[in-house]
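Reviewing the structure listed below.
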There are 2 protein chains.
Amino acid sequence: MVTVHDVAARSGVSIATVSRTIRAPHRVTESTRDRVLEAIRELGYRPNRAAAGLRGGRTGTIALVVPDIDNPYFSSLTKGAQASSRARGYGLVVVDTTELAQVELDEIEAVAPQIDGLILVSSRLDEAALAEVAAEHRCVLVNRTLEGQDETTPTVTVDEGAAARAAVEHLAELGHRQVAYVGGPARSWSQTRRLRGIRDAAAVIDGFAVTDLGAFEPTAQGGRAAAQAALDSGATAVIAYNDLAAMGLLARWAELGVRVPDDVSLVGFDNTYVAELSAPHLTSVGADLREVGETAVELLMERIDGAAAATPAHGVHRELGAQLWVRGSTGAPRA
Amino acid sequence: MVTVHDVAARSGVSIATVSRTIRAPHRVTESTRDRVLEAIRELGYRPNRAAAGLRGGRTGTIALVVPDIDNPYFSSLTKGAQASSRARGYGLVVVDTTELAQVELDEIEAVAPQIDGLILVSSRLDEAALAEVAAEHRCVLVNRTLEGQDETTPTVTVDEGAAARAAVEHLAELGHRQVAYVGGPARSWSQTRRLRGIRDAAAVIDGFAVTDLGAFEPTAQGGRAAAQAALDSGATAVIAYNDLAAMGLLARWAELGVRVPDDVSLVGFDNTYVAELSAPHLTSVGADLREVGETAVELLMERIDGAAAATPAHGVHRELGAQLWVRGSTGAPRA
DNA sequence: ATGAAAGCGCTAACAA
DNA sequence: TTGTTAGCGCTTTCAT
C-alpha cells in the first residue's frame, strides 16, 4: 500500500506538502506540486479515504440508502445518484435495507462515520427515528418529508399531484369518465398523495368518476389480484399505484382475453423501465428517476461544501415535476 | 459521537478492555464484560469501522461491484449478497461501474482500503487488469474466470451449459426441431458459453437444428430488433440471450399479431423477475440469482476468516446449477 | 485479566 | 511556502 510517506520520500518533500498538493494545490509552489504529482502518478498513490475521514472529517464518500435495490424505481434512481456523485468526484455506496426500519437504522449508524453525508430514499423509519437521524447526520430525504417544525433537512419529492393530474387529464381527454384506481399500501406516503391527487383532478372534470379499489401489493402479484375487481367496477380505464402493479393487471387481463387499450385503458405510476417491457407498452406518469437521484446528490453536495458557508437556515425543498409518458396502453374508450 | 473512551470512562475500565470486550470477549472477565456491554448499550456506542480498519486491518465491510445496478440480473444478485453478508455481521456496500472498465478500476482502488474484501460481478476489466486486482486485493469473481495459471481466486459461475441444455431439451420434448437463437454481445463471456451450450445440446438430439441469428443488444430493444428475423428463420421456437431481450421479442410479436406459445415458443436466460411480468409469463433458464450472491459472499468470508488458516492454496470454484423455470411462453409447436 | 502506549494513514494547526 | 507535530478512533503488543 502506497502512503503519503512514500510519495513524500520519492518527491523529497514532507507528508504535509503531499497532503496539501491534493487538498489545497494553490498552497503549494508549482514546481513542488509538479514533482509531487509526478511521484503520485509513478507510485500509483491513492489517498485512503477512511484515514482522511478519521482525521479531517471528509471522506469523499456519500451513502445512498434504499429500501429495495431489486425494484426498478430505486435502481434507476440509484443510477442517477451514481452518475452525479461520480461527476463531482465523490464515491457513492449503496445500502439496501430490505424494507426494514431496524436494518435501516443499523446500517445508517454503521456507515455514518465513514461518509460525508447520506441520502435516505423512501425511508421506512418512523417520524421520531427519522428526525433523530436527520438531526445527527448530514442528510437529504427523498420521497419523504419531516413533519412539524423541521425546516432544515433538504428534501426531494416528486409532484405526485401533478402526476395524478396528468394521468386523469390524459384519460379524460381520451374520453374516459369512469376510472378505477388500484391502490398501493394503505399507509404509504406516496399512496396517500397519489389517491388525493387523482381525486382532486377528477373533481374538476365534469362527470368524471373515480372508484377506489382499495389497497394491493405494489407488485405484479398485487396487480393480478386486482384485475378482476377492476373489470367488475365498470371502469373504462384503470390507474395503478405503480408500474409493477400495472404490469400484473396487464398480464392477468391478457389471460382473461381482455384487450388493452381496446377494452380498457391503463396508466401506471413512476415511469420505470418496466413500462417499456410490456405489449402494449405502458403509459405511465412520473418524474425522471435519474433526475431525482441527481437532484438528491446535488442538494447533499450543497449541504457539504457550503457547510458553514451560504447554507440557508431553512432547508431546501425541491419538488420535481412529473410528466406523462404516453404509450400504447391508453386509448379512447370503447364506443 | 460515542467513542471507546466514553464507554471506558462509563464502565471504569481502559479503552483496551472495551476493545477486547468486542473483538475477543473470552479474554475479559465475565463481570467486567457485563459492565462494559451495559455501558455500550446505555451510550449507544457503535465501533467506527473505518478506524478499526485503519489500525487492525478489519473493517467488517465488503464491497460488491456490479456493472449496472439498474439491471434485474445484478440487482437480484445484490439482494442475495446483501442478505448473506448481513447475516454474517458484515456491512455491504454496492458500487455501480456503469459498464466502464476505467470506472471499475477507479472505484475498486478507492474503496479497497476501507473494506475487507470485494466481489467483482461480471467484471468488465481485461485479463491483465483483472489479474492485477485479484492479486492485490482479497476478492471473489462472479461470472468470470481468470484464464491461465490462476488457481487462487475464488470464483462463482453458473453452469451455462446446463442452462442451455435445459432450454434445448425442454423445447425438444415439446416437439420443436427448428430453433432460433437471438444472441447477446458477441464478445461477452456468457454469450460464448450460452451459444456453445445450445449447440452442444442440439447436436445430440436427432434432427434438431439451431439457427444463430447473430448479436443483438441484451435489452428489450435488442429483442424487438430481432423479432422479425426470428420469425423469418422458420423456427418454431426461439431462445433469447437474456430475459430482457426475450421481453422485447414478446412485445414486438404481440404487435405483429404473433401469438406465444401458439405460433412460436420462447425461452429466456437468467430467470430474472421480469420473466413474471409478461403475458404469458416467460419460460427461462438460469440459476437462482440470490443464491449466486449468497455464494459469492460465502466464499469471500472463507477467504477472510480463514485468511492464514485452512485456506487451500488452490482457489475455490463453485459452479452453480441452472434450472428450467417453465412458464407460459413455451408449448408444443403448431401442428 | 487488565492497562499503557504505540501507531494505522491522514489532515490541520502551528512554526519556521 | 514548507515542515513539524498532534491527534482522529481504534486494535494490539507488551507490561503489569
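Below, chain A is the first sequence line, B the second, and so on; all start at residue 1.
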* **Side-chain heavy atoms of B:Glu319 within contact of B:Thr155, under 4.5 Å** => no
* Counting only N and O atoms by type, is there a donor-acceptor contact under 3.5 Å from the side chain of A:Ser123 to the main-chain atoms of A:Leu120? -> no
* Asked: Quick one: is A:Ser14 getting a side-chain N or O under 4.0 Å of the D:dT2 phosphate, OP1 or OP2?
  -> no
* Interatomic distance, B:Gln114 CD vs C:dC8 P [rounded to whole Å] -> 18 Å
* To do: Can you establish whether the number of heavy atoms outside B:Glu127 located under 6.0 Å from its atom CD is more than 12?
  => yes
* Rounding to a whole Å, what distance do you find between A:Leu43:CG and C:dG9:C1'? -> 15 Å
* Structure fact -> In this structure, OG of B:Ser122 is separated from CG of B:Asn71 (nearest 0.5 Å) by 9.0 Å
* What's the spacing between A:Ile119 CD1 and A:Thr78 OG1 if we round to 0.5 Å? -> 9.5 Å
* Beyond-backbone contact of B:Thr157 with B:Val142, side-chain heavy atoms, under 4.5 angstrom -> no
* C:dT11 P sits how many Å from A:Arg20 CZ, rounded? -> 11 Å
* If you look at every strand shown and take non-hydrogen atoms under 4.0 Å, does A:Val13 touch a base, only sugar-phosphate, or nothing? -> sugar-phosphate
* Asked: What is the minimum heavy-atom distance between B:Phe74 and B:Asp68, and which atoms define it?
  -> CD1-O, 3.3 Å
* To do: Go through residues 26-39 of chain A and report each residue with a non-hydrogen atom lying under 4.0 Å from DNA chain D, sorted by number.
  => A:Arg27, A:Val28, A:Thr29, A:Thr32
Look for any protein N or O under 3.5 Å of an N or O in nucleotides 7-10 of chain D and output each such pair with its distance, or none.
residue: D:dG7; atom: N2; partner: A:Arg55; partner atom: NH1; Å: 3.4
residue: D:dG7; atom: N3; partner: A:Arg55; partner atom: NH1; Å: 3.0
residue: D:dC8; atom: O2; partner: A:Leu54; partner atom: O; Å: 3.4
residue: D:dC8; atom: O2; partner: A:Arg55; partner atom: N; Å: 3.0
residue: D:dG9; atom: N2; partner: B:Ala51; partner atom: O; Å: 3.2
residue: D:dC10; atom: OP1; partner: B:Tyr45; partner atom: OH; Å: 2.6
residue: D:dC10; atom: OP1; partner: B:Asn48; partner atom: N; Å: 3.0
residue: D:dC10; atom: OP2; partner: B:Val4; partner atom: N; Å: 2.6

